[in-house]
Amino acid sequence: MDPQGFVDPGELLALVDDGTAALIISHVEYRTGQAYDLQELAQAVHRHGGVLVVDATQSAGQVPIDVGVLGVDALVASAYKWLCGPFGAAVMYLSPALQAVLDPGLVGWRSHEAMWDFRADRLEYPQDASRFEASTMAYGCSLGLAQAIEHLNQLGVDRIFNHNLALTAILGEEVRDRGGRILGASGYQGGSAIMSFDLPGENAARIAAGLGDRGVILSERGGALRVSPHLYNNEADIRRMLAELDELLG
Ligand SMILES: Cc1ncc(COP(=O)(O)O)c(C=O)c1O
């Protein structure tokens, strides 16, 4: 990782060898917004007989993902970030090959093929990912998540991706005009709508708190200001944030 938080994918790939059972990675880095090329990672780990496991919590809903095309073996994502779903629900994808062989580890009465026989003297998993549904779930949350996903799909994740990136492009230009430094910028390829920056001589936590008082919500992460515009934001929001920032810094 360089001092600005960019992880060189080449360095990561160099660590993959025959001793690699699984490469487990966050698709988008929560701090810098760096997005990895999942296809490249999948191909590398598959060459050595391993699997690619992806945490898409910071990407699902903002970055288009096609697990089949990319060759992802397993993927999980929380509902409450870019998927705009409720707390208490999440999604998991397992490739057909993994569904048949992966041991859930944690099991419950619903992990059985014939769960309604209520017998405790056998453990026969279903031949699909439902073997991971150990127990009764928060079904209300799942319905909320399903509606949220439906909504995002109706709008189109491709469109959302482009919309969000147009906002970070404006932000990036304005930050640079103010002498700011964008984290991970050495490798920034516009792979996600998370953008973190710092401003010379300024304390990010103080700015985040000050903006919060003015009704502009962004996060301080690792000494930088993180902005994460999504489908519900527009250019006026970015301009307002910048105006409040300028006023705050006087
Ligand atoms: C990449 C990533 N995965 C997971 C989480 C947290 O997920 P959960 O709250 O569902 O454990 C976060 C939260 O910031 C995250 O950035």
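One-based numbering, in listed order, for ligands and for the atoms of each.
- In the vicinity of Tyr30, heavy-atom distances shorter than 4.0 Å reach the ligand 1 atoms 16 (O).
- Taking distance alone, with nitrogen or oxygen atoms compared against 3.5 Å, Ser26 stays at or beyond that limit from ligand 1.
- Protein heavy atom at the shortest distance from atom 3 (N) of ligand 1 is Asp55 OD2, 2.5 Å.
- In terms of heavy atoms, Arg214 sits closest to Leu248 at NE-CD1, 3.6 Å.
- Among all non-hydrogen protein atoms, the one lying nearest atom 5 (C) of ligand 1 is Thr57 CG2, 3.9 Å.
- Every residue two or more places apart in sequence or in another chain was checked for a salt bridge (charged side-chain N to carboxylate O under 4.0 Å, His left out) with Glu113, and none qualifies.
- Heavy atoms only, all atoms of each residue included: Leu38 and Leu52 are closest at O-CD2, 3.6 Å.
- The ligand atoms of ligand 1 that sit less than 4.0 angstrom from a heavy atom of Tyr80 are 6 (C), 7 (O), 8 (P), 9 (O), 10 (O).
- Between Pro9 and Asp37 the shortest side-chain heavy-atom distance does not fall below 4.5 Å.
- Taking both residues in full, the closest heavy atoms of Leu167 and His230 are given as CD1-O, 4.5 Å, listed atom of the first, atom of the second, then distance.
- Listed by atom number, the atoms of ligand 1 under 4.0 Å from Ser78 heavy atoms are 7 (O), 8 (P), 10 (O).
- Ion pairing between a basic and an acidic side chain is recognised when a charged N comes within 4.0 Å of a carboxylate O; Asp117 and Arg122 show such pairing.
- Looking at atom 16 (O) of ligand 1, its nearest protein heavy atom turns out to be Gln58 NE2, 2.9 Å.
- Per-atom contact check: atom 11 (O) of ligand 1 does not touch the protein, criterion being a heavy-atom distance below 4.0 Å.
- Considering both main-chain and side-chain atoms, Lys81 comes within under 3.5 Å of ligand 1 through a nitrogen or oxygen pair.
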Would you give me the side-chain donor-acceptor pairs under 3.5 Å for residues 75-90, sequence neighbours excluded?
residue: Trp82; atom: NE1; partner: Gln58; partner atom: O; Å: 3.4
residue: Trp82; atom: NE1; partner: Gln58; partner atom: OE1; Å: 3.0

